[in-house]
Amino acid sequence: MRVLPQALAAARAVRSSQIQLQSSQRAFSTGNRLRSGAHEEHFEPPSGWLFGVKPGEKAEKEGWENLWVYGFFGSLGLGVVGYAFKPDTSIQTWALEEARRRLEVEGILKEPESKS
């Protein structure tokens, strides 16, 4: 079987363009600009203490911590209250009320007496 010279030349062109693309691409983490944007060392050597706080010392609270705690638990509380008072929209409840209403109209079921 003979390979067509045009197909062979096209395959070589595709391979060479792929090699050029691979060599021109870089990973994001290789650029010096991306790694040291703040001009300071980002690595803190391990101190051996949990969160860098020595035993017996109290950790300083940061400004966002209170906002996060009150926002999280406040929204959680509102969600629980909203879930507790949500309307019952199940198909079973609707069908039971509709069946009771139709039976009352037909006279099969007596109307419930009010407790007043």
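Counting from 1, the numbers follow the sequence of the chain as shown.
Phe73 and Trp64 fall within a single hydrophobic cluster, where Ile, Leu, Val, Met, Phe, Trp and Tyr are joined by side-chain heavy atoms under 4.5 Å apart, directly or via other members. Note on Phe72 and Val81: separate hydrophobic clusters, where clusters join Ile, Leu, Val, Met, Phe, Trp and Tyr whose side-chain heavy atoms are under 4.5 Å apart, directly or indirectly. Leu76 and Trp68 fall within the same hydrophobic cluster, defined by Ile, Leu, Val, Met, Phe, Trp and Tyr side-chain heavy atoms under 4.5 Å apart, directly or through other members.
We find the CD-CD distance between Glu65 and Glu60 to be 10.5 Å, quoted to the nearest 0.5 Å. For the atom pair Thr93 OG1 and Asp88 CG, the distance stands at 3.5 Å (nearest 0.5 Å). Expressed to the nearest 0.5 Å, how far CG of Asn66 lies from NZ of Lys61 amounts to 4.5 Å.
Salt bridge status for Glu98 with Arg101: present, with a side-chain N to carboxylate O gap under 4.0 Å.
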